[in-house]
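As structure tokens, the structure follows; a few thoughts come after it.
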Amino acid sequence: MKILVVGSGGREHAIIRKLKESPQAPELYCASGNGGISADAVCVPLKPTDLDGITAWAEENRPDLVFVAPDDPLVAGLVDRLEERGIPAFGPRANAAILEGSKVFSKELMKRYHIPTAAYEQFDNSADAIDYIARENKFPVVIKADGLALGKGVIIAQTMQEAENAVVSIMEDKIFGASGNHIVIEEFLTGPEVSVLAFTDGHCVKPMVSSMDHKRALDGDEGLNTGGMGTVAPNPYYTPAVAAECMERIFLPTVEAMNKEGRPFKGCLYFGLMLTADGPKVIEYNCRFGDPETQVVLPLLKTDLLEIVQAVVEERLSDLPIEWEDGAAACVVAASGGYPQRYQTGYPISGLDKNGQAAGVTVYHAGTARDGDIYKTAGGRVLGITAKGATLEEALEKAYRAVDSIRFEGMHCRTDIGKRALAASK
């Protein structure tokens, strides 16, 4: 069986390593992959956003499945193109991927179908947005670019001045490009945050193990927002009672709402949740596996991932029991100095074997290049070092022990991944 995974980061490396475990022994390709992925799959030199190139490669090579992992090609309609050519693909079509592609769409969908979320208003010009924030005079306030922005299109403003700067930088200075043509201004919710990924074939929803992301660059949740500096799973705040409420009030209603809108969602649906005093509320949807949540969720999956993917594509997910390991997983991200702002690349990484791995953990490569048996930095987030344990404490201890053995120029990582989760579980 031949599978092409589209993407080039840590999430894709986690997906590939899980698919590699399948008893079906698939032949794995990745467009475009990275240094670490090249040890586990054949890298195809096509960017994930090169829809023409990927479609042409798929027509020529006829893979049995294309797993489209990142948001950009999903929103741009890569799954539609592949399916039109008779090539099975995992991921939502463009008209369903809009759930992540447009914050305005997703907020209006939630309002229309009474799915709990933060109160909001949308704007298409900066003056009206600034007037609204000044009138409301409630801080902090959340300001979101409408479109995709590499997970960084959300600014939490603590003061009127910060809010005005955020609106101007998004809408006028276009720091996120056309994604900032429209913005959503939301009330600031408080409570524990939870990430839940779910498999869905448009009818059945099967949530995965919950997780907790750490978005800020520095310890104590200080510093700038990043694509994620580490994760733990499961999330101790996500109790069975909360899970049942989320299934009834959020997960199933979302999939049903998309069906009613004529936008059936098939693939992985990510729910970013806030557990408020008024119950769970949706902060955001993603139309794909989260990064770095995937790096702690998939290692705990016992059922064959390829079998699940096939069940989703063929719309028979309800027939397949999905099993998870007990215990916990923790991922610590090793990032380039300066990330998420300016950083240098090209530094050799020590502490990895010839396959880009380290003893006792799984090293997922997010931004690396390979030069023979030497791995070099090639991105902001470089490695995700993931460990499993009977307890979260054990998983974290293993992960940080491995982090201490890995080095590259300017490497930085948070030292407090999982600290909140440990406190909550005691």
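These figures come from a predicted structure and were not determined experimentally.
Side chains of Asn34 and His13: a donor-acceptor N/O pair is absent below 3.5 angstrom, by distance only. No side-chain donor from either of Glu307 and Gln24 sits under 3.5 Å from a side-chain acceptor of the other. For the residue pair Thr386 and Gln295, no side-chain donor N or O sits within less than 3.5 Å of a side-chain acceptor on the partner. Residues Thr231 and Glu293 have side chains that never bring a donor and an acceptor to within less than 3.5 angstrom of each other. Between the side chains of Glu100 and Tyr270, no donor N or O sits under 3.5 Å from an acceptor N or O. For the residue pair Asp146 / Ser102, a side-chain donor-acceptor distance below 3.5 Å is found, with atom types taken as modelled. In this model, a donor atom of one side chain and an acceptor atom of the other lie less than 3.5 Å apart for Ser22 and Asp304. At a cut-off of 3.5 Å, with distance as the only test, a side-chain donor of Arg370 or Ser38 sits close to an acceptor on the other residue.
For Lys354, the NZ atom sits in a loose shell: 12 or fewer heavy atoms of surrounding residues, nucleotides or ligands are nearer than 6.0 Å.
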Is there a salt bridge (Lys or Arg N to Asp or Glu O under 4.0 Å) between Arg381 and Asp291 once you walk through the steps? CA-CA 11 Å; Arg381 288 185 296 170; Asp291 188 349; 3.8 Å; yes
Check the pair Glu186, Lys103 against salt bridge (Lys or Arg N to Asp or Glu O under 4.0 Å), reporting the backbone distance first and the verdict last. CA-CA 11 Å; Glu186 283 186 356; Lys103 303 286 189 303; over 6 Å; no
Stepwise, does the salt bridge (Lys or Arg N to Asp or Glu O under 4.0 Å) test hold for Glu222 with Arg216? CA-CA 6 Å; Glu222 299 288 331; Arg216 298 281 186 166; over 6 Å; no
Between Asp371 and Lys376, is the salt bridge (Lys or Arg N to Asp or Glu O under 4.0 Å) condition met? List the steps. CA-CA 7 Å; Asp371 182 3; Lys376 295 182 177 178; 3.6 Å; yes
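Comment: Lys2 does not engage Glu27 in a salt bridge, judged by the lack of any side-chain N to carboxylate O separation of less than 4.0 angstrom. One finds no salt bridge joining Arg81 and Glu84 here, because no Lys/Arg side-chain nitrogen approaches an Asp/Glu carboxylate oxygen to under 4.0 Å. Ion pairing between Asp40 and Arg17 holds under the 4.0 Å rule for side-chain N and carboxylate O. Under 4.0 Å is where a charged nitrogen must lie from a carboxylate oxygen, and between Lys215 and Asp221 no such pair does.
Between Lys266 and Pro92 the shortest side-chain heavy-atom distance does not fall below 4.5 Å. For the pair Lys281/Leu189, a side-chain contact is recorded, criterion being any heavy-atom separation below 4.5 Å from C-beta on. Between Leu269 and Leu197 the shortest side-chain heavy-atom distance does not fall below 4.5 Å. Side-chain contact check for Leu4 versus Leu65: every heavy-atom pair is 4.5 Å or farther apart. Under the 4.5 Å side-chain criterion, counting only non-hydrogen atoms from C-beta, Phe176 is not in contact with Ser169.
Looking at residues two or more places apart in sequence or on another chain, you find a salt bridge (charged side-chain N to carboxylate O under 4.0 Å, His left out) between Lys388 and Glu325.
In this pair, Phe289 and Phe199 present their aromatic rings perpendicular. The plane angle is above 60°, beyond the 30 to 60° band.
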